[in-house]
Amino acid sequence: MNLFSESNLSPDILKAVGELGFETPTEIQKQTIPFILTDTRDMIALAQTGTGKTAAFSLPILDMIDEASRKIQLLVLCPTRELCLQIAKDIKNYSKYMPNLKSTAVYGGSSITDQIRSLREKPQIIIGTPGRVIDMINRKALDFSEIQWLVLDEADEMLSMGFKDDLETIMRETPETKQTFLFSATMNKEVERISKNYLTNPHRIAVGSINEVKKNIKHEFYVVGYRNKKEALKRLIDANPNQYSIIFCRTRMETQEIADFLMQNGYAADALHGDLSQAQRDTVMKKFRLKNINLLVATDVAARGLDVDSLTHVIHFSLPDDPEVFVHRSGRTGRAGKDGISISLIKPEESRKLKQIKQSTKIDIVEKKVPTGDAIIKAQVAGVFEKLFTIHEDFFEFDDKMIPDLSEFTKEELMHKMLQVQLRDMALYYKDKNDLADQAFSRDRDDNGRGDRRDRDRNDKGRDRDRDDRPRFGDRDRGERPARARRSNENMVRFFFNLGKKDNLKKVDMLDIINKATAKSKKRPDIGDIEILEKFSFFEVEKSYQNEVVSNLASMKFKGKEMRAEVAAK
Ligand code: AMP
């Protein structure tokens with residue numbers, strides 16, 4: 001089967017798949033589609049996200065499912081809410097021309113009563129996370145006694161997240177006669193054990209190389225010592241303007257640390273990792289999808305739930321141990337016919353690890369030097385022009401009369417001035433530290449790679465403000481939780497807030513909103529500058545409250561209007 005049209009799938013499915021632009025089945029689909037359509041055995045497939053595994057099991061099952069019956073026939077279990085929603089969306093797309101087919105996603109972190117209500121549609125397919133499925137079984141809302149197919153998706157992940165008992169409980173609720181398909185990225189002892197106990201004589205499928213190495217991705221690596229890593233990251237971000245990237249880290253702590261570093265330095269960045277609540281993760285992913293932030297710092301596991309096609313770069317802040325993970329991470333860019341760049345930061349002692357990755361993936365990873373300040377400014381200028389020619393929308397009402405008489409300047413002189421204004425801060429930052437290897441610079445900077453002129457200015461201003469005895473907003477009587485006198489800027493994060501004077505927002509309202517958004521915390525946050533502008537506002541809050549403010553504001557309203565706070569861009 002080299003083309004979908006050569007498979008035995010029904011015309012309704014082929015039509016839907018064709019409209020999605022799928023012509024040739026992926027490696028795993030070539031193996032699973034004929035097998036599932038004709039065989040009654042269980043199956044174990046070694047495959048990761050990105051191999052087309054969702055279509056690999058759902059297309060043949062959709063082909064065989066009984067649309068006329070209102071019984072649940074397929075149960076798909078997967079580890080996270082994001083994956084659950086992704087699979088549900090894919091199945092909806094594949095079954096676009098099956099009018100009587102219904103599927104429902106059930107997952108934690110969302111109202112169980114709403115989900116139970118949606119079961120009134122009598123879906124033939126349930127896609128769920130183990131915990132929520134058990135809750136539903138306990139409430140007698142779900143009955144799996146007649147299912148024909150059980151899919152365990154990302155089984156290794158479900159087991160490592162501690163869902164073993166839940167999986168076993170659910171499997172006991174399903175009939176012996178069903179067919180079970182287990183998908184896993186890795187085959188570890190736990191997965192083997194569960195397969196042995198719950199699958200009968202399974203047919204095994206492994207997709208050759210789990211991740212296809214894409215030719216349209218350029219791979220670069222930069223050797224930097226531990227102390228300079230963050231500064232090198234900053235330089236690589238500055239040298240690649242207009243980027244939309246995921247920065248991969250190894251641990252949750254490192255992820256948060258790097259995201260904090262970028263946010264403190266004024267980048268539109270945020271962190272995605274397992275220590276965040278579901279609501280926080282959702283908010284971050286939404287911001288990234290909507291491009292409110294352009295840099296997402298993530299762990300491998302947390303990034304799995306995110307499906308975006310237009311990444312310009314993938315940055316490996318830390319190298320993974322497994323070469324497959326390197327290929328998988330890099331494959332997040334260069335999608336949908338675009339080119340992509342994968343950037344790796346390598347500590348000198350990691351050269352062996354890099355060699356291993358190069359050897360086993362056969363990827364040509366080219367060494368480059370961390371850009372100098374001069375090169376960065378050049379790239380920034382090019383970035384301004386790139387933006388100039390790609391922006392086609394107006395963000396404010398423009399009137400020619402706003403432009404004063406400029407006849408004494410040539411267009412080059414004008415461009416020169418505009419670029420100086422635009423790139424002033426960046427140029428000042430790199431002025432005395434053109435080269436990362438510059439010793440003078442290394443001595444000057446603190447561990448955060450800050451200590452530059454801009455920050456010194458800012459800190460001085462902060463100290464001046466602290467010496468200032470005038471009453472502050474926090475000194476006003478605002479009930480039980482008055483804001484405390486503000487500290488210097490370095491502990492603060494500056495937010496963009498979507499409401500302003502036109503919404504009748506006053507400073508005192510802003511304080512009230514911040515206090516409400518942080519009401520659950522034991523300690524009151526420090527609140528810094530509040531600037532209420534016509535259409536939107538800015539405010540500063542102590543850094544450690546950042547996630548709380550963003551996620552809580554998203555569910556609050558001011559005079560009936562939805563509120564949204566984002567870390568302000570540079
Ligand atoms: P998955 O591994 O199921 O997460 O799928 C990865 C991505 O590949 C999804 O965006 C699918 O829509 C897409 N995809 C799946 N099968 C094909 C195919 N045969 N041709 C092109 N794209 C596909």
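Counting from 1, the numbers follow the sequence of the chain as shown.
In this structure, T51 and E27 have side chains that are not in contact, with every pair of non-hydrogen atoms separated by 4.5 Å or more. With contacts defined as side-chain heavy-atom distances shorter than 4.5 Å, the pair Q280/V550 does not qualify. Considering only heavy atoms from C-beta on, L272 stays 4.5 Å or farther from T299 through its side chain. Here the side chains of F221 and L345 are not in contact, with every heavy-atom distance at 4.5 Å or above. Between W149 and I65 there is a side-chain heavy-atom pair separated by less than 4.5 Å. With a 4.5 Å cut-off on side-chain heavy atoms, L74 and I126 do not count as touching. At a threshold of 4.5 Å between non-hydrogen side-chain atoms, the residues L77 and V151 do not count as touching.
Taken from OG in S95 to CG in L101, the straight-line distance is 4.5 Å, to the nearest 0.5 Å. Note: K286 NZ to S551 OG = 12.5 Å, rounded to the nearest 0.5 Å. We find the OH-NZ distance between Y226 and K347 to be 7.5 Å, quoted to the nearest 0.5 Å. K355 contributes atom NZ, which lies 14.0 Å from atom CD1 of I346 (distance to the nearest 0.5 angstrom). Between I44 atom CD1 and L182 atom CG the span is 6.0 Å, to the nearest 0.5 Å. Separation of atoms CD (E121) and CZ (R70) is listed at 8.0 Å; rounding is to 0.5 Å.
For K189, the NZ atom is loosely surrounded, since the number of other residues' heavy atoms within 6.0 Å does not exceed 12. The number of heavy atoms from other shown groups lying within 6.0 Å of CE (M253) does not exceed 12. For R41, the CZ atom is densely surrounded, since the number of other residues' heavy atoms within 6.0 Å is greater than 12. Counting non-hydrogen atoms of neighbouring residues, nucleotides and ligands closer than 6.0 angstrom, the CD atom of E23 reaches no more than 12 such neighbours. For D275, the CG atom sits in a packed shell: over 12 heavy atoms of surrounding residues, nucleotides or ligands are nearer than 6.0 Å.
Between the side chain of R332 and the backbone N or O of A303 there is at least one donor-acceptor pair closer than 3.5 Å. Formation of a donor-acceptor pair under 3.5 Å by the K218 side chain with backbone atoms of G340 is not found in this model. Side-chain atoms of N498 come within 3.5 Å of backbone atoms of E562 as a donor-acceptor pair (strictly under, hydrogens ignored). In this structure a side-chain-to-backbone donor-acceptor pair under 3.5 Å is missing from S69 to D66. A side-chain donor-acceptor contact under 3.5 Å links D42 to the backbone of T180. The main-chain N or O of N100 is found under 3.5 Å from a side-chain atom of Q124 such that the two form a donor-acceptor pair. In this structure, R252 contributes its side chain and H273 its backbone to no donor-acceptor pair below 3.5 Å. When atom types are taken as modelled, the side chain of Q29 and the backbone of G52 share a donor-acceptor pair closer than 3.5 angstrom. Side chain of N216 to main chain of D339: no donor-acceptor pair is present (N/O by atom type, distance under 3.5 Å, no hydrogens or angles). A distance-only check finds no donor-acceptor pair linking the side chain of E154 to the backbone of L83 [under 3.5 Å].
Closest non-hydrogen pair, T255 versus C249, comes out as OG1-CB, 3.4 Å. Pairing each heavy atom of A259 with each of A271, the nearest pair is CB-CB, 3.5 Å. Closest approach of M43 and I36 over heavy atoms only: CE-CD1, 4.3 Å. Of all heavy-atom pairs spanning T312 and S245, the tightest one is OG1-OG, 3.9 Å. Minimum interatomic distance between I217 and S330 (heavy atoms only, all atoms of both residues): CD1-O, 3.3 Å. The two residues H316 and S344 come nearest to each other via the heavy atoms CD2-OG, 3.3 Å.
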(request) Take L85 and K89 through the test side-chain contact (heavy atoms from CB on, under 4.5 Å) and record every step on the way to the result. (result) CA-CA 6 Å; L85 289 167; K89 192 173 115 205; over 6 Å; no

(message) Evaluate Q278 against D282 for side-chain hydrogen bond (donor to acceptor under 3.5 Å, both in side chains), listing each step before the verdict.
(response) CA-CA 6 Å; Q278 185 63 54; D282 285 348; 3.2 Å; yes

(request) Kindly determine whether S160 and E190 satisfy side-chain contact (heavy atoms from CB on, under 4.5 Å), including the steps that lead there. (result) CA-CA 9 Å; S160 77; E190 278 285 278; over 6 Å; no

(message) For E548 and K516: C-alpha separation, side-chain torsions, deciding distance, then whether salt bridge (Lys or Arg N to Asp or Glu O under 4.0 Å) applies.
(response) CA-CA 11 Å; E548 199 177 338; K516 282 194 180 125; over 6 Å; no

(request) Starting from the C-alpha separation in whole Å, work towards a yes-or-no answer on side-chain contact (heavy atoms from CB on, under 4.5 Å) for V106 and I127. (result) CA-CA 6 Å; V106 298; I127 305 122; over 6 Å; no

(request) Begin with the C-alpha distance, continue with both residues' side-chain angles, and end with the deciding distance and a verdict on side-chain contact (heavy atoms from CB on, under 4.5 Å) for Q243 and L295. (result) CA-CA 8 Å; Q243 64 174 289; L295 302 172; 4.0 Å; yes

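Salt bridge annotation for E257-K229: absent, with no cationic side-chain nitrogen under 4.0 angstrom from a carboxylate oxygen. The pair E168-R193 meets the salt-bridge criterion, since a charged nitrogen lies less than 4.0 angstrom from a carboxylate oxygen. Under 4.0 Å is where a charged nitrogen must lie from a carboxylate oxygen, and between R250 and D321 at least one such pair does.
Checked by atom type, the side-chain pair D143/S145 shows a donor-acceptor distance below 3.5 Å. Residues E67 and Q73 have side chains that never bring a donor and an acceptor to within less than 3.5 angstrom of each other. Side-chain atoms of E566 and N292 form a donor-acceptor pair, as typed in the model, at a separation below 3.5 Å. Between the side chains of E254 and S318, at least one donor N or O lies within less than 3.5 Å of an accepting N or O. Between the side chains of Q256 and D260, a donor-acceptor pair is found at a separation under 3.5 Å.
Taking the ring-ring contact (aromatic ring centres under 6.0 Å, His included) definition, one finds that F558 meets it with nothing, sequence neighbours left out. Legend: residues meeting salt bridge (Lys or Arg N to Asp or Glu O under 4.0 Å) with K543, ordered by chain and number and at least two apart, are absent. D322 meets the salt bridge (Lys or Arg N to Asp or Glu O under 4.0 Å) test with no other residue; sequence neighbours excluded. Qualifying salt bridge (Lys or Arg N to Asp or Glu O under 4.0 Å) partners for K122, counting only residues two or more places apart in sequence or in other chains: none.
Outside the 6.0 Å centre-distance limit, the rings of Y267 and F261 are not counted as a close aromatic pair. In this structure, the ring of F326 has its center less than 6.0 angstrom from the ring center of H219.
Y97 carries K15 over the face of its six-membered ring, with the cationic atom under 6.0 Å from the centre and within 45° of the normal.
For the ring-ring contact (aromatic ring centres under 6.0 Å, His included) condition, the pairs that include at least one residue of residues 22-68, sequence neighbours left out, are F35-H203, F57-F183. Note on residues 127-138: pairs passing side chain to side chain donor-acceptor pair (under 3.5 Å), not counting sequence neighbours, are Q115-R132.
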